[in-house]
Amino acid sequence: MRAIFHKRHEDVPSWRTAWLINYFLWQASGETDVDISEIISIDTDRSRFKVHRSGYVNQDLFAAERDAIFNKSWLYVGHESEIVTAGDFVTRRVAGRDLVLARDSQGAVRCFHNVCPHRGAKIVREKSGNARSFTCIYHAWKFSNAGKLIGLNGPETYPPGFRQDPQHQLQPVPLLDAYRGLIFINYDSGAVSLTEYLAGAKEYLDLIMDQAQERMVLIGGVQEYAMRANWKLLAENAVDVFHLQPLHPTYFDMIGALSGSTPSFKGLTGEAHYLGNGHTVVEMDTPAGRPIAKWMPGWGEESKASIERVYADLVRRFGEERAFRIANRNRNLVLFPNLVINDHISLTIRCTEPVAPDAMDVTVWGLAPEEEAGNEVAVKRRLTSFIEFLGPGGFATPDDIEALELCQKGFASLQGAPWNDFSKGMASNTTSWMDEGQMRYFWVEWRDRLLRNCEVAA
């Protein structure tokens, strides 16, 4: 049997898939005559891979995703450079839950639910700051930055030992861990370790983080925007290289005007890699510059020498082969389910927050080596590249939003046009970066997790 994404995959029992999906579709449509056996339709003999569009619109499937995928996966919550000093904190919403990520007064990293154990009010209302304690606005319960209850309004009215009860503290997330500065949480206390979960993605995270002599840091604040599209569309789009030239011609025209020649994808090499646990990456030769150590004319002659020095340092630290790969190859990495790291003309972290079957919030940060953070010219070069391409008002992101929202609008016609096609490259024995094997891999992981983790009451 031909592999559906160029690696062998054992399919799940078709009867179970059919029952689960028909249940979801029946619940959503109110009809009993829906004749679709699977969300994913795989015909290996004809090299066809299709996804039913109900997977992007069905409210019951969206709820099942929250339970079976987001409640059981390692999810990105923040970066260590956001909470450097004791007392630093940031607030985030992760899979529908408000969290506080903090460094406590002893320097330990903490993450707890941003909800008062008294009557459920959200406690920390600022997006970031520095504090030794947090006080609930409603009844003045007071907590240390380690989440411990340290003050009550009218303490004499509470029974002995009340303040020490574990149920009266800010509740920590079940699992908290970090890899190369990226901090993750997991709502499932029985989940595998973060290292095991990241699997083959660690190689690519190392390639990205090794750009720094010591560590990477976030730069330039945060970009936030929303789109009326299903969260999985952005995961697909992140590793869909084939759309770049058709959808973003204005950007490549701009790069061509700055550099004297329009970037071309002809002759470039690249591969898609399947990294385990749904993670996937597209790695390719760059058609333009890279801020770490590949100069392009649009950055000016005055920047060339400093970029060459960075490259020389990479060679000194890692040898010619790895230095070339770090400096001259682009990477678009998707950590399943909802984290994207774009390592090309800019280096960004993008995290999606599913809001509804047809809506998501997106948060984006720029990332750079710490030694560049004090170099105004280098920071400006990175941030300009970030904002010009992936910023909410850049050349690429508005195009992507328009395309993904058009897809979501098109899904309203699923009764008459029910399938999305991901067959490109399936008949080939290669792992081309221009094919759709990486999307097929994502969708198979999505399906398998639903079937493995989701309990549906008939």
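Computed from a predicted structure; not experimentally measured.
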Q. Is there side-chain contact between Leu234 and Val362, with at least one heavy-atom pair below 4.5 Å?
A. yes
**Q.** Note, Val90 side chain near Lys127 side chain (heavy atom, < 4.5 Å)
**A.** no
Can a donor-acceptor pair be found between the side chains of [X] and [Y] at a distance below 3.5 Å?
X: Asn145; Y: Arg132; value: no
X: Gln223; Y: Trp365; value: no
X: Arg66; Y: Asn71; value: no
X: Gln438; Y: Asp240; value: no
X: Asn153; Y: Tyr158; value: no
X: Ser73; Y: Arg449; value: yes
X: Arg53; Y: Asn58; value: no

Q) Who pairs with His344 by ring pair (Phe, Tyr, Trp, His ring centres under 6.0 Å), at least two apart in sequence or on another chain? A) Phe389
Q) Residues in ring pair (Phe, Tyr, Trp, His ring centres under 6.0 Å) with Tyr204, at least two apart? A) His273
**Q.** Ion pair Glu370/Arg215, N-O distance below 4.0 Å
**A.** yes
Q) Is the shortest side-chain N to carboxylate O distance from Glu203 to Arg325 below 4.0 Å? A) yes
Q | Given Trp419, Phe422, Trp443, the one that forms ring pair (Phe, Tyr, Trp, His ring centres under 6.0 Å) with His52 | A | Trp419
Q.
Glu82: which residues meet the salt bridge (Lys or Arg N to Asp or Glu O under 4.0 Å) condition with it, sequence neighbours left out?
A. Arg92
Q. Among all residues two or more places apart in sequence or in another chain, which pass the salt bridge (Lys or Arg N to Asp or Glu O under 4.0 Å) test with Asp313?
A. Arg316, Arg317
Between [X] and [Y], is there a donor-acceptor pair closer than 3.5 Å when you use the side chain of the first and the backbone of the second?
X: His279; Y: Phe336; result: yes
X: Glu224; Y: Thr363; result: no
X: Asn230; Y: Tyr56; result: yes

Q. In terms of the angle between their ring planes, are Tyr187 and His113 parallel, tilted or perpendicular, with boundaries placed at 30° and 60°?
A. parallel
**Q.** Test side-chain contact (heavy atoms from CB on, under 4.5 Å) applied to Cys116 - qualifying residues, sequence neighbours left out
**A.** His118, Ile123, Cys136, Trp141, Phe143
Q. What pair of heavy atoms forms the shortest contact from Pro369 to Ile292, and how long is it?
A. CG-CD1, 4.3 Å
Q.
By the salt bridge (charged side-chain N to carboxylate O under 4.0 Å, His left out) test, which pairs, at least two apart or in different chains, include something from residues 152-177?
A. none
